[in-house]
Each structure stands twice: as structure tokens, then as C-alpha cells.
Amino acid sequence: MRARYLPVLSLCFSLLAIGAANAQTAAAPRPLDVLRAEIDRVDGELLGLLNARAGIVAEVGAGKASGGGPVFRPGRQAALLRRLMERNAGPQTPQTLVQVWTAIIAGSILQQKPDFRVAVAGDADQASLAQSYFGAAIPQARAAEPAKALDALAAGQADAAVLPASGSWWLALPEGVRIAAGVPLLRAAEAPPQALILTRYEGDSSGADLTLARIAGPPPAEARVLARSGADSLIALPAASALPPGAIRLGLMAAPLSPNR
């Protein structure tokens with residue numbers, strides 16, 4: 001009986017030996033000049049794809065110019081980043097993906113609206129948060145206090161405003177101004193945003209969103225309190241949840257993207 005299995009065992013050991021040899025061959029590093037040539041080839045392909053994307057963006061921009069649609073779509077931006085992170089098999093990190101596509105999206109925004117600018121209220125830390133979301137290419141207009149940034153947004157002197165998540169500015173938003181995103185977008189699910197982005201239009205859904213609201217009195221159990229002022233609270237709760245009685249809706253923002261995906 002044992003003799004019947006000896007050829008099979010011999011074949012298995014042979015296959016294992018061949019596999020190990022192939023693994024060693026595959027793991028052998030290629031010469032640097034070959035690797036650099038490969039990087040140059042991939043860079044050329046990326047350039048072609050970026051220009052193809054820019055051509056499509058130009059068509060989108062032409063459609064928005066005739067229809068009056070906004071060039072900044074925070075919900076779509078969050079949905080795109082979430083989709084890319086779900087498809088990512090590595091070795092690129094979520095942080096790298098977000099930084100790269102943030103720059104690409106910033107280029108698309110400026111391609112459609114070259115004078116797009118962001119009003120940022122607060123210190124250098126707030127400016128850094130704004131840059132992490134919009135990229136380095138989007139111009140910033142610094143404001144000494146949230147009210148100034150809100151005034152600039154409401155008057156059309158800025159296309160978006162970045163305000164600290166703390167404070168009480170949310171008690172009296174200008175007519176038509178809405179909260180549209182939280183910063184940083186890449187953060188743990190339980191971590192509150194450090195800043196909030198506001199626009200002059202209702203944000204679009206990303207597919208996984210939080211409703212922002214102002215409420216007087218105790219907030220519901222499923223809500224996260226972002227800021228308090230007296231008896232009022234700025235809360236975020238799942239978009240599928242009904243607003244509590246008396247709550248005032250202030251906007252919609254994408255749920256955070258996990259940095260550990």
C-alpha cells in the first residue's frame with residue numbers, strides 16, 4: 001500500500017521544489033536601469049490618462065456652464081475616494097491615494113473655474129486642513145474669524161468656506177449657505193471633524209452620509225455632538241435617521257473614510 005503512494009509523494013516533493021525555485025527566481029530583483037525604464041513607461045501612461053481625463057472634464061465643464069451646475073461636488077469627491085480605496089489592493093496606502101486624487105480633483109476644479117477660491121477662517125492649522133481637502137493648487141483667502149469667511153462665501157467672493165468645527169458660528173448661517181463636508185475626510189469613524197466646509201448650495205450624497213443639524217435641548221442617542229453653544233448643539237446623525245422635532249437642518253456631509261482600509 002505504501003509503495004503505491006511513493007510515486008505520488010515523489011511528484012509532490014518535486015513540484016514543491018520547482019515552486020520554491022520559481023519563487024526565488026521571481027523574487028530576484030531586476031536591474032535598476034530596467035526598473036527605471038518601467039517607471040518611465042508607467043509615467044507616460046499616467047500622463048496620457050490624465051490628459052484623457054482632462055478632456056472629459058472639459059466636456060463636463062461645458063455642460064455645467066450651460067446648466068449652471070457647481071464645479072465643486074464634495075459628495076461625488078468622497079464617493080470617488082471611497083470607491084478607489086475599496087478597489088485598492090496595495091501597496092499604495094489610503095493616505096497616498098487621497099493625496100494624489102485630491103490634487104487631480106483640484107486640477108479639474110480649476111480647469112472648469114480658474115478663479116475658484118476658498119475662504120479659510122482661523123490660524124495656520126485651519127489653512128493646513130483646508131489644503132489637505134482642496135489641495136495646494138486651490139487659492140485660499142484667509143479670514144480672521146468665521147463671520148468674515150461666511151460673509152465672503154455668501155457674497156460670492158469665495159466658492160467655499162472652511163471653518164473650525166468648534167465655536168458657535170453655526171447658530172446663524174447666511175441664507176442659502178450649507179455645511180457640505182468635514183475635514184479631514186480620512187479619519188476614524190468615531191473621530192469628529194476638525195473643520196467643516198460650507199457652500200452656497202445643498203451638498204450631494206456620497207452614498208454614506210451624515211446630516212448636520214442644530215438642535216435645542218438633549219440630542220438623540222444616535223447623534224454625535226460636534227459643538228455646543230448654550231442649550232443648542234450642532235449634531236451629526238446618520239442620513240437615514242429622521243431629524244428630531246425642532247431640529248434645523250444645516251447640511252449634509254460624507255461619513256469619514258477609514259485610514260485603515
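Atoms considered below: every heavy atom in the structure, side chains included; atoms not considered: hydrogens, waters and symmetry mates.
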(message) Assess the residue pair Val177 and Leu198 against the criterion (side-chain contact (heavy atoms from CB on, under 4.5 Å)); give the C-alpha distance rounded to whole Å, side-chain angles, the decisive distance to 0.1 Å, and a yes or no.
(response) CA-CA 7 Å; Val177 169; Leu198 294 94; 3.6 Å; yes

(request) Could you name each residue pair satisfying side-chain hydrogen bond (donor to acceptor under 3.5 Å, both in side chains) that touches residues 51-61, not counting sequence neighbours? (result)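 Those involving residues 51-61 are Arg53-Ser108.
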
Residue [X] excluded, over 12 heavy atoms near [atom1] under 6.0 Å:
{"X": "Arg76", "atom1": "CZ", "answer": "no"}
{"X": "Arg83", "atom1": "CZ", "answer": "yes"}
{"X": "Arg87", "atom1": "CZ", "answer": "no"}

(request) Before giving the answer on side-chain contact (heavy atoms from CB on, under 4.5 Å), spell out for Val120 and Gln126 the whole-Å C-alpha distance, their side-chain angles and the decisive distance to 0.1 Å. (result) CA-CA 7 Å; Val120 180; Gln126 290 294 311; 4.0 Å; yes

(request) Output every pair passing salt bridge (charged side-chain N to carboxylate O under 4.0 Å, His left out) with a member in residues 152-169, not counting sequence neighbours, ordered by first then second residue. (result)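 Output for this query lists Lys113-Asp159.
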
(message) Testing the 3.5 Å rule here: is there a donor-acceptor pair between the side chains of Ser229 and Asp232?
(response)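 On atom types as modelled, these side chains do not qualify, holding no pair under 3.5 Å.
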
(request) Any chance you could measure Ile105, atom CD1, to Gln111, atom CD, to the nearest 0.5 Å? (result)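 If I round to the nearest 0.5 Å, the distance is 13.0 Å.
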
(request) Please name the residue in the list Leu226, Leu210, Val183 that meets the side chain to side chain contact (heavy atoms under 4.5 Å, CB included) test with Pro193. (result)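 One option only clears the test, and that one is Leu226.
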
(request) Identify the two heavy atoms, one from Pro70 and one from Tyr201, that lie closest to each other, and give their separation to 0.1 Å. (result)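 So the minimum-distance heavy-atom pair works out to CB-CZ, 3.5 Å.
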
(request) I would like to know whether Gln112 and Leu110 meet side-chain contact (heavy atoms from CB on, under 4.5 Å); could you show each step before the answer? (result) CA-CA 5 Å; Gln112 299 173 76; Leu110 292 174; over 6 Å; no

(request) Using the ring-ring contact (aromatic ring centres under 6.0 Å, His included) rule, collect all pairs that involve residues 50-100, keeping only residues at least two apart or in two chains. (result)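 Passing the test, one end in residues 50-100: Phe72-Phe134.
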
(request) Output, in order, the C-alpha distance, side-chain angles, deciding distance and verdict of salt bridge (charged side-chain N to carboxylate O under 4.0 Å, His left out) for Arg82 and Glu86. (result) CA-CA 6 Å; Arg82 186 182 297 117; Glu86 289 171 350; 5.4 Å; no

